[in-house]
Amino acid sequence: MAVFVDVGDPADPRLDDYRDLKRADRRPDRPGGRGLVIAEGTNAVQRLLDSPYPVRSVLGIRPRVDDLAARLAALDVPVYVTSAEVMDAVIGFHLNRGVLAVADRAAPVSWERLLSGRVLLGLEGVNDHENIGSLFRNAAAFGVDGVLVGPGCPDPLYRRSVRVSMGHVLHVPFARVDDIGAAASKLRAVGFTIAALTPRPGAVPVRDFARSVERAILFLGSEGHGLSEDVLSVADVAVRIPIAKHVDSLNVAVAGAIACYEMAERARLGQR
């Protein structure tokens, strides 16, 4: 059962996991970063508590802690209860969500788990934490089986990504890959079609693609230049989302949502 502890001093060392969260060394993807997983807000904290990530503690104001009381009762972790003013002083900014939780990282996901899926997302050069979080939320919403996080992408477990994903990043399996060509070979060997999402002329409309394959990975690239030529060259097919001619592209998270929806619709059609 969780131990509830009232804390009134922002300098209390028991709150050090939460201290100065905007500092660069709190980023798990930076050299010297502590690597801790941090969830903000009731929904994200709830999903962290239900995830494979080992929770270290919870910090919050009384009303938000009370919202989580039923779930916290089953955990053997300290729950630090404090005021909004003390929380702000500790973390270094105003948190209107009123509750945080910190966890250690879980064991990496095995390739075998990803290879057993039907639909995967692949990300290359998606360098914005909030886009990463949105893509993971999309993946969870549309039943994507996992995500390959390639070169140029930040850590999906950074605080801002966890927040934007509403904690869903903690439940979607993912693995980091440095060599997308080698990863594509592994996937192709077990029946995946490698697709590159691009607005280039001649690419196959995503709805047609989704209805033509059984297993696929959809690669998405950066907001600026899109996927690299290296990724486009290893893809089996280029896939596009038809849009108005006077608009050159979509936000990567929006494009990912549409593509994931079409793949999910393909799965539903197959069940009829």
Side-chain angles (χ1 to χ4, degrees), residues 1-23 26-28 33-107 129-144 147 155-174 253 257:
M1 182 175 179
V3 178
F4 292 78
V5 182
D6 289 317
V7 178
D9 181 3
D12 192 315
R14 292 174 294 185
L15 306 184
D16 283 350
D17 280 349
Y18 302 92
R19 199 168 307 284
D20 298 328
L21 294 185
K22 284 190 173 180
R23 278 177 19 205
R26 308 315 304 270
R27 290 263 302 272
R34 301 191 62 188
L36 297 177
V37 180
I38 301 171
E40 304 175 30
T42 304
N43 289 333
V45 169
Q46 175 72 58
R47 293 187 177 104
L48 177 60
L49 300 180
D50 293 334
S51 78
Y53 296 85
V55 177
R56 294 162 63 99
S57 66
V58 176
L59 170 66
I61 61 175
R62 175 59 66 180
R64 299 291 78 79
V65 168
D66 287 345
D67 290 341
L68 296 163
R71 184 64 186 84
L72 290 170
L75 293 178
D76 183 19
V77 299
V79 178
Y80 301 115
V81 183
T82 191
S83 67
E85 293 75 19
V86 169
M87 281 190 70
D88 293 352
V90 172
I91 67 178
F93 57 91
H94 177 61
L95 182 78
N96 57 16
R97 296 170 186 83
V99 66
L100 295 155
V102 171
D104 291 312
R105 296 171 91 81
H129 293 99
E130 296 188 359
N131 279 333
I132 291 284
S134 294
L135 285 162
F136 270 87
R137 187 175 179 182
N138 296 338
F142 295 112
V144 170
V147 179
D155 193 331
L157 297 179
Y158 176 52
R159 175 177 58 83
R160 282 171 55 199
S161 300
V162 175
R163 170 173 53 80
V164 173
S165 79
M166 296 293 288
H168 288 292
V169 67
L170 306 170
H171 292 268
V172 176
F174 72 89

When every non-hydrogen atom of Phe136 is compared with those of Pro156, the smallest separation belongs to CE1-CB, 3.8 Å
Checklist entry - Is there side-chain contact between Val77 and Arg56, with heavy atoms separated by less than 4.5 Å? => result no
Mind checking whether Val45 and Leu68 have side chains closer than 4.5 Å, heavy atoms only?
-> yes
Problem - Intermediate values then yes/no, salt bridge (charged side-chain N to carboxylate O under 4.0 Å, His left out), Arg105 and Asp155 - result: CA-CA 12 Å; Arg105 296 171 91 81; Asp155 193 331; 2.7 Å; yes
Closest heavy-atom pair, Ala103 versus Val55, reported as atoms and distance to 0.1 Å, is CB-CA, 3.8 Å
Query raised in the report: Do any N or O atoms from the side chain of His171 and from the backbone of Arg47 form a donor-acceptor pair under 3.5 angstrom?
Result: yes
Notebook entry, point to check: Heavy atoms, side chains only, cut-off 4.5 Å: are Leu15 and Leu59 in contact?
Noted result: yes
- Message: Given 3.5 Å as the limit, does a donor-acceptor pair link the side chain of Ser134 with the main chain of Glu130, or not?
- Response: yes
Hey, mind stepping through Met87 and Val99 against side chain to side chain contact (heavy atoms under 4.5 Å, CB included) and telling me if it holds? CA-CA 9 Å; Met87 281 190 70; Val99 66; 5.8 Å; no
(message) Using ring centroids (six-membered ring only for Trp), state whether Tyr18 and Tyr80 fall under 6.0 Å.
(response) no
Problem set entry | Student check: side-chain heavy atoms of Ser83 and Val86 closer than 4.5 Å | yes
Check this for me, if you would: do Asp12 and Arg19 make a salt bridge, where the nitrogen-to-carboxylate-oxygen distance has to be below 4.0 angstrom? no
Exercise. Between Ser51 and Leu48, is there a donor-acceptor pair closer than 3.5 Å when you use the side chain of the first and the backbone of the second?
Worked result: yes
Residues at least two apart in sequence or cross-chain that pass salt bridge (Lys or Arg N to Asp or Glu O under 4.0 Å) with Arg137, listed by chain then number, are none
One should read off an interatomic distance between Tyr53 OH and Asp104 CG, to the nearest 0.5 angstrom, of 11.5 Å
- request: Using the side chain to side chain contact (heavy atoms under 4.5 Å, CB included) rule, take Leu100 and Val58 through it: C-alpha gap first, then chi angles, then the decisive distance, then the call.
  value: CA-CA 6 Å; Leu100 295 155; Val58 176; over 6 Å; no
Should Val65 and Val79 be marked as a side chain to side chain contact (heavy atoms under 4.5 Å, CB included) after you check the CA-CA gap, both sets of side-chain angles, and the distance that decides it? CA-CA 8 Å; Val65 168; Val79 178; 3.8 Å; yes
- Hey, does the side chain of Asn138 reach the backbone of Ala253 with a donor-acceptor pair shorter than 3.5 angstrom? yes
Which of Val164, Ile38, Val37, Leu36 passes side-chain contact (heavy atoms from CB on, under 4.5 Å) with Arg159? It is Ile38
- Any side-chain heavy atom of Val162 sitting closer than 4.5 Å to one from Glu40? no
Smallest heavy-atom separation, Val90 atom then Pro10 atom, equals CG2-O, 3.5 Å
When every non-hydrogen atom of Arg71 is compared with those of Leu49, the smallest separation belongs to NH2-O, 2.7 Å
Applied to residues 94-103, the side chain to side chain donor-acceptor pair (under 3.5 Å) test, sequence neighbours excluded, yields Asp88-His94
For Val147 and Ala139 the tightest heavy-atom approach is CG2-CB, 4.4 Å
Quick check against the 3.5 Å criterion: does Ser57 have a side-chain atom that pairs as donor or acceptor with the backbone of Pro78?
no
Can you tell if the side chain of Val172 reaches within under 4.5 Å of the side chain of Phe174, non-hydrogen atoms only?
no
Answer yes or no: is there an ion pair linking Asp67 with Arg62, defined by an N-O contact shorter than 4.0 Å? no
Correct closest heavy-atom pair for Ala106 and Pro52 would be CB-O, 3.8 Å
Heavy-atom donor-acceptor pair, Ser165 side chain to Val169 backbone, under 3.5 Å: yes
query = Would you say the ring centroid of His129 lies under 6.0 angstrom from that of Tyr158?
reply = yes
